[in-house]
Amino acid sequence: MYREAVISNGSLFINFDKYLSLRDFYFPYVGQYNHLGGNKNHLILSVNGRLCYMDVGWKKKFSYRKNTLITEITAENSQLGIKLEVNDLIHKYMPVYIRKIKLKNLSGEEKKDVKVFFYHDFCLYETAVGNTALYHPEMNGIVHYRESTYLLISIYPQLSDYTVCMKKNSALRQIESEKLSENPIARGEIDSAVAYYTHIEPEGEDEFYYYIIAGHSFEDLEDKQKRMLSDTIQHFIEETEIFHRGWLNEKKEIKKSVSREIRELYEKSLLIIKAHMDRHGAVIASADSSIFHRFNKDHYSYSWPRDNAFIVMALDRAGYGNTTKKFFEFASRTISRKGYFLQKYLPDGSFGSSWHPWVDEEGRPQLPIQEDETALVIWALYNHYRQTKDIEFIDKIYSRLVRPAGDFMTAYRDSTGLPLESYDPWEERRGVFTYTCATVFAGLISASRLAYLTGNIEEAEKYEKAGREVKQAVLKHLYDHKLDRFVRMIKKENGQVVKDATVDASLLAVYFTGMLPPNDYRVINTVNAIREKLWVNFGIEGLARFEGDNYHRIERDYPGNPWIITTMWLADWYIATDQIEEAIKLLKWASERQSQAGLLAEQYNPETGSPLSVTPLTWSHAGFCHTVMNLNEKLG
């Protein structure tokens with residue numbers, strides 16, 4: 001069940017499904033902890049005694065209020081004669097979720113007795129062990145708590161009914177009976193519900209607010225509720241809307257000659273990227289937990305240095321240097337003492353789950369890294385300086401981030417000058433990859449320039465020399481003159497160097513890292529092979545990752561599924577080589593893939609166009625924004 005809308009403020013993050021249910025609820029970090037774990041927090045209506053879930057009989061539309069992360073959702077049921085207008089938001093800095101619901105009676109003759117039920121299936125800290133839910137009379141709401149996470153759930157102007165239950169007694173069954181028991185407390189594996197009851201005259205309407213306040217104690221909840229009710233809930237909504245629009249106004253403008261549909265998705269994408277940024281610096285790949293059962297009981301709610309580097313480069317170019325600075329501070333806290341990043345991290349900075357072993361097939365020690373992740377962060381930091389000219393920040397962070405990474409990349413090479421083996425950008429195989437080598441070149445040259453900026457002249461010369469050596473080794477060992485293009489990787493097997501000639505979209509890195517100009521014949525030959533082998537020539541089209549990609553593969557005859565990221569890489573090359581119309585076609589292709597509310601998935605079913613893997617993927621939105629900005633600059 002892919003996500004239809006996301007909202008966030010950097011400490012509280014919520015995903016919604018197509019039934020208007022809350023499906024992911026993260027606090028106190030974006031991406032950690034998911035207190036729903038994909039469980040469905042239902043919205044259920046009863047109209048004149050007829051109970052109706054949101055999965056049957058409703059015509060729904062999802063969007064956002066212009067230039068905000070405030071949802072505008074409508075749901076209409078002609079049989080019930082009821083229409084819902086729903087706005088969801090999280091306050092600009094307080095962990096307060098508000099759902100404003102306007103109920104409209106579509107009948108001109110019949111009065112409607114309406115009961116709106118909100119069902120909750122929280123598992124705080126991702127476990128059913130030790131949860132408690134209770135009715136709190138002073139706050140007039142339900143409180144779920146465990147350890148230091150407390151959630152207050154209530155309705156304004158009135159909480160009409162409530163219950164908390166052991167799951168074996170099920171709050172859902174009580175909802176189906178249309179009478180909640182007002183049981184005051186339960187513990188262990190529990191659920192709960194609250195309700196709002198109203199009568200709506202013919203062609204009349206009524207509105208109310210459902211809200212969840214997150215905190216760390218009963219007193220914390222009381223203080224936040226008092227602040228919200230004193231300021232008024234409507235004021236919370238208005239100041240959040242003003243903040244979102246103010247933040248978006250900081251962006252660099254896209255020229256009017258760029259089509260409206262592309263500009264609108266660009267603006268939505270900036271807000272969606274911002275939603276996935278934890279206020280401590282991590283940027284989450286995706287908070288969509290629907291992947292959990294298809295991903296060996298794991299998910300994408302991690303901070304991958306690779307993804308993050310591409311994401312913050314897009315934001316920096318868009319004018320958000322103050323926003324991205326926190327990521328580089330996060331990176332300086334998580335880089336190892338030896339100067340490399342591991343595969344991925346949790347938002348609190350701890351090492352995330354991994355499938356990269358620390359020993360090879362013969363049991364010999366190996367570094368379980370993807371070296372591009374280290375290189376790209378340094379490249380992104382130099383890009384940050386170019387956009388912000390903040391030399392004080394570079395000077396402050398140099399010794400904690402640039403020096404250890406630069407020394408590692410310089411040393412982690414063989415006698416040819418090539419980087420030693422590491423894992424590929426798709427995290428599936430190990431070897432010496434053209435893509436990785438190109439990113440190491442970019443990382444070393446960037447480290448050299450940052451060293452010059454901070455007065456570390458000897459280090460600057462050392463890193464530049466190493467970068468040039470990497471480039472020469474790539475051209476000598478990874479360009480195949482018989483194939484007339486770059487190969488994906490080389491690897492030593494039984495003492496022999498073996499080439500992997502698989503065509504891979506990541507080979508475009510030889511151009512986008514600046515290692516070679518886009519019109520170099522070796523780049524052109526490689527791009528021609530990528531277009532020939534990886535373009536999906538049927539269905540929705542688009543560019544696959546590599547030949548024989550099996551991840552969520554739909555059909556064996558296809559090279560793989562089309563990805564937003566890879567298709568935007570190709571669009572970037574078109575822009576760099578002045579093939580503007582071809583690039584615009586691909587930007588429009590990406591725009592056509594967006595959901596109703598403007599979310600972009602990781603990849604798509606080539607036959608149906610339906611999203612595969614996770615929705616949204618932050619990197620997809622960043623890739624789209626980066627390409628739009630390339631186009632914007634090219635248009636002059």
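One is the number of the first residue; the rest follow in order along the sequence.
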Q: Would you check, one step at a time, whether the test side chain to side chain contact (heavy atoms under 4.5 Å, CB included) holds for V116 with F208?
A: CA-CA 10 Å; V116 186; F208 66 96; 4.0 Å; yes

Q: Using a distance-only test with no angle check, is there a side-chain donor-acceptor pair under 3.5 angstrom linking Y196 and D161?
A: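 No donor-acceptor contact under 3.5 Å links the two side chains.
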
Q: Show your reasoning for whether side chain to side chain contact (heavy atoms under 4.5 Å, CB included) applies to D191 and S170.
A: CA-CA 7 Å; D191 57 9; S170 182; 4.0 Å; yes

Q: Would you mind listing every side-chain hydrogen bond (donor to acceptor under 3.5 Å, both in side chains) that reaches into residues 148-160, with sequence neighbours excluded?
A: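 As it turns out, the side-chain hydrogen bond (donor to acceptor under 3.5 Å, both in side chains) pairs with a partner in residues 148-160, which skip direct neighbours, are Y125-S148, Y125-T149, Q158-S160.
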
Q: Taking the ring centre of each residue, are H626 and F624 less than 6.0 Å apart?
A: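 Ring centroids of H626 and F624 are no less than 6.0 Å from each other.
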
Q: Less than 4.5 Å apart, any side-chain heavy atom of I291 and any of H552?
A: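 Side-chain contact under 4.5 Å: yes.
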
Q: As an exercise, state the distance from NE2 of H356 to NZ of K344, rounded to the nearest 0.5 Å.
A: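 The distance works out to 9.0 Å.
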
Q: Go through the structure and list residues passing side-chain contact (heavy atoms from CB on, under 4.5 Å) with I185, not counting sequence neighbours.
A: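 Applying side-chain contact (heavy atoms from CB on, under 4.5 Å) to I185 gives T132, L134.
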
Q: Are side-chain heavy atoms of W619 and H276 found at a separation under 4.5 Å?
A: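 Heavy-atom side-chain distance check fails, nothing below 4.5 Å.
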
Q: Return the minimal non-hydrogen interatomic distance between Y266 and A318, and the atom names on each side.
A: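 Looks like OH-CB, 3.6 Å.
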
Q: For the residue pair L103 and V114, what are the closest heavy atoms and their distance?
A: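 Heavy atoms only, the tightest pair is CD1-CG1, 4.1 Å.
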
Q: I'd like to know whether NZ of K167 has more than 12 heavy-atom contacts from other residues, nucleotides or ligands below 6.0 angstrom.
A: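 Counting other residues, nucleotides and ligands, NZ of K167 exceeds 12 neighbours.
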
Q: Is there a donor in the side chain of E427 and an acceptor in the side chain of Q370, or the other way round, less than 3.5 Å apart?
A: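 E427 vs Q370: donor-acceptor pair found between side chains.
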
Q: Taking side chain to side chain donor-acceptor pair (under 3.5 Å) as the definition, give me every residue that meets it alongside S301, ordered by chain and number, with sequence neighbours left out.
A: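 Here the qualifying residues are Y26.
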
Q: Strictly distance-based, threshold 3.5 Å: is any side-chain N or O of H280 a donor or acceptor partner for the main-chain N or O of Y29?
A: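 Absent.
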
Q: So, do L315 and L270 sit near enough that their side-chain heavy atoms are less than 4.5 Å apart?
A: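 A side-chain contact under 4.5 Å exists here.
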
Q: Taking all heavy atoms of E373 and all of R306, pick out the closest pair and write down the distance.
A: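 Shortest heavy-atom separation between E373 and R306 comes out as OE2-N, 3.1 Å.
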
Q: Is it the case that atom NZ in K61 sees more than 12 heavy atoms from other parts of the structure closer than 6.0 Å?
A: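 Not buried by this count: 12 neighbours or fewer within 6.0 Å.
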
Q: Any side-chain heavy atom of S192 sitting closer than 4.5 Å to one from Y162?
A: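 Contact flag for S192/Y162 side chains = no.
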
Q: Which salt bridge (charged side-chain N to carboxylate O under 4.0 Å, His left out) pairs, counting each pair once, include a residue from residues 181-190, with sequence neighbours left out?
A: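 Matches after skipping sequence neighbours: none remain.
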
Q: Is there a donor-acceptor contact under 3.5 Å from the side chain of Y145 to the main chain of L124?
A: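 It does not hold such a pair.
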
Q: Answer whether the closest heavy-atom distance between the side chains of F16 and I73 falls below 4.5 Å.
A: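 No, too far: nothing below the 4.5 Å cut-off.
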
Q: Going through the distances and angles, do I212 and L22 end up as a side chain to side chain contact (heavy atoms under 4.5 Å, CB included)?
A: CA-CA 11 Å; I212 302 176; L22 281 67; 4.1 Å; yes

Q: S289 pairs by side-chain hydrogen bond (donor to acceptor under 3.5 Å, both in side chains) with which of H299, R23, R3?
A: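 Answer to the side-chain hydrogen bond (donor to acceptor under 3.5 Å, both in side chains) test with S289 among H299, R23, R3: R3.
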
Q: Between Y209 and Q234, is there a side-chain donor-acceptor contact under 3.5 Å, judged purely by atom types and distance?
A: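 Yes, side-chain donor-acceptor contact under 3.5 Å.
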
Q: For residues N34 and F25, report the shortest heavy-atom separation together with the two atoms involved.
A: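 Shortest heavy-atom separation between N34 and F25 comes out as OD1-N, 3.1 Å.
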
Q: Just by modelled atom types, is the A285 backbone N or O under 3.5 Å from a matching donor or acceptor in the T618 side chain?
A: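 Between the backbone of A285 and the side chain of T618 there is a qualifying donor-acceptor contact (under 3.5 Å).
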
Q: Look at D220 together with K224 and state whether they make a salt bridge at an N to O cut-off of under 4.0 Å.
A: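 Yes, D220 and K224 are salt-bridged.
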
Q: Is any side-chain heavy atom of N322 closer than 4.5 Å to a side-chain heavy atom of E250?
A: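 No, side chains not in contact.
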
Q: Of all residues at least two apart in sequence or in a different chain, which pass the side-chain contact (heavy atoms from CB on, under 4.5 Å) check with R65?
A: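 side-chain contact (heavy atoms from CB on, under 4.5 Å) check on R65 returns T68, I70, E72, N87, I237, E241, R245.
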
Q: Using only heavy-atom distances, determine whether the side chains of K59 and T74 contain a donor-acceptor pair under 3.5 Å.
A: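 There is no such pair (donor and acceptor under 3.5 Å, judged by atom type) between the side chains of K59 and T74.
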
Q: Taking side chain to side chain donor-acceptor pair (under 3.5 Å) as the definition, give me every residue that meets it alongside E602, ordered by chain and number, with sequence neighbours left out.
A: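 If we apply the side chain to side chain donor-acceptor pair (under 3.5 Å) test to E602, skipping adjacent residues, the hits are Y300, S613.
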
Q: Check the side chains of Q343 and Y302 for a donor-acceptor pair under 3.5 angstrom, ignoring hydrogens and angles.
A: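 Side-chain D/A pair, Y302 to Q343: absent.
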
Q: Could you report the tightest heavy-atom contact between S181 and Q174, atom names first, then the distance?
A: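 Closest approach of S181 to Q174, heavy atoms only: N-OE1, 2.8 Å.
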
Q: If you measure from CD on Q603 to CD1 on I565, what distance do you get to the nearest 0.5 Å?
A: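 One finds 9.5 Å between CD of Q603 and CD1 of I565.
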
Q: Under 3.5 Å, side chain of D316 to main-chain N/O of T324, donor-acceptor pair present?
A: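 No.
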
Q: Please say which of R263, H621, K66, Q594 ends up in a side chain to side chain contact (heavy atoms under 4.5 Å, CB included) with K268.
A: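 Going through the options one by one, the only one that passes is Q594.
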
Q: Taking only residues at least two apart or on different chains, which pairs with a member in residues 271-285 satisfy salt bridge (charged side-chain N to carboxylate O under 4.0 Å, His left out)?
A: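 Those involving residues 271-285 do not exist here.
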
Q: Are more than 12 heavy atoms from other residues, nucleotides or ligands located less than 6.0 Å from atom NZ of K251?
A: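 Yes, because the 6.0 Å sphere around NZ of K251 holds more than 12 heavy atoms from other groups.
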
Q: Got a sec, which residues hit side chain to side chain donor-acceptor pair (under 3.5 Å) with D55, two or more places apart in sequence or on another chain?
A: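 Counting only residues at least two positions away or on another chain, D55 forms no side chain to side chain donor-acceptor pair (under 3.5 Å).
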
Q: For the aromatic rings, using the six-membered ring if either is Trp, is the centroid distance between F393 and H384 under 6.0 Å?
A: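 Judged by ring-centre distance (under 6.0 Å), F393 and H384 do meet the cut-off.
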
Q: Please report the C-alpha distance between I101 and F118 in whole Å, then the side-chain angles of each, then the deciding distance to 0.1 Å, and finally whether the side chain to side chain contact (heavy atoms under 4.5 Å, CB included) criterion is met.
A: CA-CA 12 Å; I101 296 182; F118 299 88; 3.8 Å; yes

Q: Run the side-chain contact (heavy atoms from CB on, under 4.5 Å) test against N105 and tell me which residues pass, sequence neighbours left out.
A: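 Scan of N105 (side-chain contact (heavy atoms from CB on, under 4.5 Å), adjacent residues dropped) gives S107, K112, I200.
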
Q: Within the 4.5 Å heavy-atom criterion, are L152 and F218 side-chain neighbours or not?
A: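 No; the side chains remain at least 4.5 Å from each other.
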
Q: Would you mind reporting whether I175 and L180 have side-chain heavy atoms less than 4.5 Å apart?
A: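 Yes. Closest side-chain heavy atoms under 4.5 Å.
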
Q: Mind checking what makes side-chain contact (heavy atoms from CB on, under 4.5 Å) contact with A601, not counting sequence neighbours?
A: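 A601: side-chain contact (heavy atoms from CB on, under 4.5 Å) contacts with Y604, P611, T615.
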
Q: Whether the S290 and D288 side chains hold a donor-acceptor pair (N or O, under 3.5 Å, no angle test) is what I'd like checked.
A: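 Yes, side-chain donor-acceptor contact under 3.5 Å.
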
Q: Can Y345 and N308 be counted as having a side-chain donor-acceptor contact under 3.5 angstrom?
A: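 Checked: Y345/N308 side chains show no N/O donor-acceptor pair below 3.5 Å.
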
Q: Taking only residues two or more places apart in sequence, or in another chain, which ones meet Y119 in a ring-ring contact (aromatic ring centres under 6.0 Å, His included)?
A: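 Y119: ring-ring contact (aromatic ring centres under 6.0 Å, His included) contacts with H42.
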
Q: Should the pair K325-D390 be classified as a salt bridge under the 4.0 Å nitrogen-to-oxygen rule?
A: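 Counted as a salt bridge, because a side-chain N and a carboxylate O are separated by less than 4.0 Å.
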
Q: Which residues satisfy the side chain to side chain donor-acceptor pair (under 3.5 Å) test with E85, sequence neighbours excluded?
A: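 Applying side chain to side chain donor-acceptor pair (under 3.5 Å) to E85 gives K104.
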
Q: Compute the ring centroids of W58 and Y19, then answer whether they are less than 6.0 Å apart.
A: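 No, the ring centres sit 6.0 Å or more apart.
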
Q: Do other residues, nucleotides or ligands put more than 12 heavy atoms under 6.0 Å from the NZ atom of K396?
A: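 No, because the 6.0 Å sphere around NZ of K396 holds 12 heavy atoms or fewer from other groups.
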
Q: I'd like to know if the side chain of N39 reaches the main chain of D121, judged simply by a donor and an acceptor atom lying under 3.5 Å from each other, with no hydrogens or angles considered.
A: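 Yes; at least one donor-acceptor contact below 3.5 Å.
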
Q: Taking all non-hydrogen atoms of both residues, which atom of M54 and which atom of A75 are closest, and how far apart?
A: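 That would be CE-CB, 3.7 Å.
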
